[in-house]
Amino acid sequence: HAELRVARQGRLMCRAARRLRRTLGRRGVFLLILGVGKTCWGISFLLDPPDPRGLELLTHWCSLRHWSWLWITCGCITAGSAFLRVGRDKYGFLAALAPPTVWAIAYASAVINGEYSRGAYVAVWYLTSHVGVIMWAATVPEHSVPHAPRTARKGTAP
């Protein structure tokens with residue numbers, strides 16, 4: 001009986017996952033993954049802040065623990081926007097852009113000021129693998145795969 005119960009629970013979990021996937025769509029799944037990731041990244045800054053080298057522009061105003069709330073808040077907005085219809089999810093994409101853009105600016109500023117030469121690479125990394133990917137994903141339509149062509153019905157050709 002225990003094996004049947006486990007198998008039934010597994011089928012229910014798969015069914016729930018498929019339903020969630022259909023509800024969210026491609027853009028929603030992307031926003032949910034991105035939002036959870038940004039929130040976790042922010043929590044890491046809150047609980048165990050890294051070396052602030054290259055982020056002097058930010059730490060001039062407040063500690064990285066305070067800046068962690070930018071990641072956490074934007075991550076929650078991004079994840080929450082996953083459940084909105086296409087078109088209304090734009091705030092999730094905008095929220096997803098904020099933290100990596102701020103970090104890229106801070107690292108670029110550190111390079112310009114001569115404080116952190118490695119910051120150029122980190123800034124480009126944030127701009128491409130974060131900002132660029134988010135901007136691209138925001139333009140991807142929910143259903144971009146063309147429908148399969150209809151097969152000709154008998155007797156309809158001239």
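Model, not experiment: these values are computed from the prediction. For reference, positions follow the sequence shown, starting with 1.
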- Task: Run the ring-centre check on H66 versus W61 and record whether the distance is less than 6.0 Å.
- Result: no
- Are the side chains of L55 and W103 in touch, meaning some heavy atoms are under 4.5 Å apart? yes
- Query: Angle class for the Y107/Y116 ring planes (parallel below 30°, perpendicular above 60°, tilted otherwise)?
  - Reply: tilted
- Task: Identify the two heavy atoms, one from V29 and one from L24, that lie closest to each other, and give their separation to 0.1 Å.
- Result: N-CB, 3.9 Å
- pair P100-K38: side-chain heavy atoms closer than 4.5 Å: yes
- Message: Check this for me: W69, atom CH2, are more than 12 non-hydrogen atoms of other residues, nucleotides or ligands nearer than 6.0 Å?
- Response: no
- Query: Mind checking what makes side chain to side chain donor-acceptor pair (under 3.5 Å) contact with S68, not counting sequence neighbours?
  - Reply: none
- Item | F93 and F30: CA distance, side-chain angles, deciding distance, side chain to side chain contact (heavy atoms under 4.5 Å, CB included) verdict | CA-CA 10 Å; F93 287 103; F30 179 79; 3.9 Å; yes
- Query: Looking at CD1 of I72 and CG of L46, how far apart are the two atoms once the value is rounded to the nearest 0.5 Å?
  - Reply: 5.0 Å
- Note on the structure: To the nearest 0.5 Å, atom CG of L64 lies from atom OG1 of T59 at 6.5 Å
- Task: Starting from the C-alpha separation in whole Å, work towards a yes-or-no answer on ring-ring contact (aromatic ring centres under 6.0 Å, His included) for H130 and W125.
- Result: CA-CA 7 Å; H130 293 293; W125 179 72; 4.7 Å; yes
- Task: Is it possible for you to say whether L58 and W71 belong to one hydrophobic cluster, with membership spreading through side-chain heavy-atom contacts below 4.5 Å?
- Result: yes
- Query: When hydrophobic residues are tied together by side-chain contacts of less than 4.5 Å, even through go-betweens, does Y91 share a cluster with L84?
  - Reply: no
